[in-house]
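Let me begin by presenting the structure, written as structure tokens, before commenting on it.
Letters A, B, ... are given to chains in the order of the sequence lines, protein chains preceding strands, and every chain is numbered from 1.
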Amino acid sequence: MSTPAAATEPANLMEAVVSLAKRRGFVFPSSEIYGGLNGFFDYGPLGVELKKNIRDCWWNDMVRRRDDVVGIETSIIMHPKVWEASGHVAGFSDPLVDCKVSKNRYRADQLFWSPIVIDGTIHGYVSALENEKTTEELQAAAELFKRKKAIVGTLAPVQPKDFTEATADEVAKIPSPATGNPDLTPPRAFNMMFQTNVGAMTDASSVAYLRPETAQGMFVDFKNVVDTGRVKLPFGIAQTGKSFRNEITPRNFIFRSREFEQMEMEFFIHEDDDWAKWHRYWIDWCTGWLKSIGLPASHLSEYDHLKEKLAFYSKGTTDIMFKFPFGVQELWGIAARGNYDLGQHEKASGVPQAIFDETSKKKFVPHVIEPAVGLDRIFLATLCAGYAEEAVTDEKGNTEMRTVLRFSPRIAPVKVAILPLLKNKEVLTDRAKTLYKKLQRRYAVFYDEGGAIGRRYRRQDEIGTPWCVTIDFDTIEKPGDTFTLRERDSMAQRRVTEAELFALLEEQVY
RNA sequence: GCGGUCGUAGUUUAGUGGUAAAACUCCACUCUUCCAAAGUGGUCUCGAGGGUUCGAUUCCCUCCGACCGCACCA
């Protein structure tokens with residue numbers, strides 16, 4: 001019998017994963033026959049199963065198996081005022097400045113400048129990018145300017161302003177940090193929300209947006225859920241669904257795309273409750289969940305966002321990071337958002353969002369902890385973590401490579417492959433088909449009778465099927481009606497009965 | 001969005017201003033008693049559009065897409 005040796009990571013793991021995803025029907029570029037569309041992807045027959053399994057695992061663990069979380073599904077297009085209240089209309093558009101010569105692009109609010117004032121007269125301008133020593137850099141540049149031009153007089157301290165505060169006249173004079181000459185364009189807004197129009201008329205009054213996150217659905221429907229859902233604090237509202245962001249640069253396959261699926265939950269707590277405790281609770285819960293679908297602890301880490309970088313309302317944000325082939329990147333963000341979102345909607349809509357708490361006899365707007373994760377990112381993480389190329393040595397001592405996706409049985413697109421040992425022996429195929437039909441009622445299973453048995457095993461390895469069941473002559477000729485159960489990772493074989501097979505699936509697939 | 005590199009079959013890659021290939025994969029049949037066996041047959045290709053040319057997959061332009069870098073990433 002063959003045995004797998006230690007797995008080796010291919011030189012270019014990302015390339016191997018993308019190639020496998022295409023070859024085996026997990027992920028295709030969108031609209032490929034027209035040349036593709038940057039930032040959009042389609043999920044193929046196996047991909048849609050994998051994605052659905054991840055989503056279902058999340059939903060089962062997050063909603064159905066918890067007493068304190070309920071699910072909803074809200075519309076992708078919402079009232080435009082939702083996005084004004086949430087800050088997305090204003091905050092989602094970053095004013096950007098281009099240097100016409102160097103072709104560098106800067107965020108206007110991170111590009112600082114100051115007039116050079118000597119004896120009360122403006123002699124020129126200096127600029128610098130935002131960092132810890134921006135003011136010092138501007139001052140030094142101003143002094144250098146004065147020395148070079150040999151201007152006599154007293155140099156006033158620089159007054160740093162960001163580029164959004166520059167007048168048109170000043171824009172024409174402020175030097176680009178790249179060239180030192182005034183080559184900058186005026187700030188231009190890039191809004192990342194996709195716009196559309198509702199109704200037949202296409203005018204300003206009909207503008208609507210595709211949601212850039214699903215979270216606002218939970219906030220906007222908060223009162224409806226509270227009034228009808230028999231929920232009490234602390235409790236969560238969850239949903240999964242598509243979101244859309246017009247990313248400037250989609251990158252890294254499905255990691256950052258323009259249409260993606262989120263799985264978000266808003267966990268509402270009493271205003272006096274210990275937010276830090278709940279924040280920690282959800283970080284641990286999410287980490288545990290990721291491990292339960294097969295992501296190795298060695299690839300997971302945490303990153304706490306710096307307090308200074310957080311939005312003013314945020315009490316803390318921790319990201320669960322994953323080691324992708326292209327670097328350690330954010331997988332799951334767990335944010336403590338205070339009661340900012342409900343408060344904003346209360347202000348903007350005029351509808352009170354406070355609830356009455358029977359225990360404390362207080363009326364208040366609840367605070368919230370938000371674990372938000374991208375389904376497509378988890379999908380990619382499971383592919384990257386599960387992909388392995390192994391040297392396999394057979395009985396004759398020949399060594400060859402096998403490609404295997406080591407998916408957890410929970411998320412594997414196919415749970416069991418049913419293989420009659422030989423195609424041309426009806427006793428084998430009949431028994432196999434009977435078992436196949438029986439398993440099919442509860443599990444995603446696959447029947448394959450074509451080609452040599454070894455080839456069929458390897459095909460299943462490559463799509464991550466945890467078990468293969470082979471109907472052989474022992475099944476037919478010996479008592480007990482047992483099959484060969486071949487395990488994907490160890491390639492070990494043992495004999496099991498139908499009852500044992502169902503028991504194994506019942507335990508491993510949940 | 002800018003710059004660089006690149007785009008030939010499902011995958012990995014040859015090749016050419018004059019009818020486009022290999023390996024593996026995939027499909028069918030034969031055979032096959034446990035790890036990508038063998039045989040026979042078969043499907044599928046020059047990213048798109050325009051230009052130059054008698055003729056363009058090849059040269060030129062534009063677009064689209066991929067990768068890397070810069071910038072961006074609520």
Side-chain angles (χ1 to χ4, degrees), chain A residues 1-4 12 14-16 18-25 28-40 44 83 86-108 110-111 129 177-178 185 188 190-193 212-213 215 243 245-253 255-256 311 314 326 329-330 333 335 372 390 392-396 398 400-404 419-425 428 449-462 468-477 483-486 488 491-493:
Chain A
M1 201 187 88
S2 307
T3 46
N12 193 333
M14 198 59 197
E15 214 168 82
V18 173
S19 166
L20 177 65
K22 174 82 189 296
R23 180 156 36 93
R24 288 302 191 184
F28 311 123
S30 167
S31 319
E32 198 180 11
I33 61 169
Y34 290 103
L37 185 59
N38 196 2
F40 296 91
W83 307 110
S86 70
H88 285 88
V89 171
F92 237 59
S93 52
D94 296 316
L96 298 177
V97 178
D98 289 311
C99 172
K100 287 175 280 194
V101 174
S102 72
K103 305 298 182 191
N104 284 341
R105 172 170 284 181
Y106 308 101
R107 254 173 69 174
Q110 294 177 351
L111 178 57
L129 295 177
T185 64
R188 288 175 293 189
F190 288 78
N191 196 301
M192 291 173 75
M193 282 195 292
E213 62 172 38
S243 291
R245 294 180 194 176
N246 202 356
E247 297 284 354
I248 298 168
T249 310
R251 270 295 156 91
N252 293 324
F253 198 38
F255 180 80
R256 176 179 295 129
S314 180
F326 44 86
Q329 298 282 343
E330 175 192 346
E390 293 174 347
V392 176
T393 308
D394 68 15
E395 291 161 318
K396 295 167 198 142
N398 301 318
E400 56 193 11
M401 298 301 290
R402 76 160 181 158
T403 303
V404 56
L419 317 171
L421 183 59
L422 295 177
K423 181 185 182 180
N424 59 0
K425 296 287 187 294
L428 298 180
E449 60 179 24
I453 190 72
R455 172 183 296 272
R456 284 178 275 160
Y457 285 151
R458 297 298 172 82
R459 266 202 290 249
Q460 296 303 318
D461 289 342
E462 206 175 51
C468 291
V469 168
T470 301
I471 313 310
D472 51 31
F473 289 95
D474 282 3
T475 311
I476 308 302
E477 291 161 3
F483 324 115
T484 299
L485 180 77
R486 185 261 194 187
R488 178 195 62 207
M491 298 171 70
Q493 301 186 354

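Remark: A:Arg402 is not in phosphate contact with B:A36, judged by side-chain N or O atoms under 4.0 Å from OP1 or OP2. Look at A:Asn38 and you'll find a side-chain N or O under 4.0 angstrom from OP1 or OP2 of B:A66. At B:G69, none of the side-chain N or O atoms of A:Arg251 fall inside 4.0 Å of OP1 or OP2 (strictly under the cut-off). When the side-chain nitrogen and oxygen atoms of A:Asn424 are compared with OP1 and OP2 of B:U30, none of them lie within a distance under 4.0 Å. Considering only side-chain N and O atoms, A:Arg455 lies under 4.0 angstrom from the phosphate OP1 or OP2 of B:C26. For B:C31, neither phosphate oxygen OP1 nor OP2 lies less than 4.0 angstrom from any side-chain nitrogen or oxygen of A:Lys423.
When both pairing distances are held under 3.5 Å, B:G69 makes a Watson-Crick or G-U pair with B:C2.
Here the side chain of A:Arg24 pairs no donor or acceptor atom with the backbone of A:Arg459 at under 3.5 angstrom.
Contact check for A:Lys425 versus A:Phe473: side-chain heavy atoms found under the 4.5 Å cut-off.
Distance check on atom C1': B:G17 versus B:C59 gives 8 Å, rounded to whole Å.
Here B:U32 is the nucleotide among B:A36, B:U32, B:C34 with the atom lying nearest to any side-chain atom of A:Leu422. The A:Arg459 side chain lies nearest to B:C26 when the options are B:C26, B:G10, B:G65.
The separation between A:Lys22 atom NZ and B:G7 atom C1' is 12 Å, rounded to whole Å.
Counting any heavy atom pair closer than 4.0 Å across all strands shown, A:Thr470 reaches a base atom.
Centre separation under 5.5 Å together with a plane angle under 30° holds for the ring of A:Phe473 and the six-membered base ring of B:U33, marking them as stacked.
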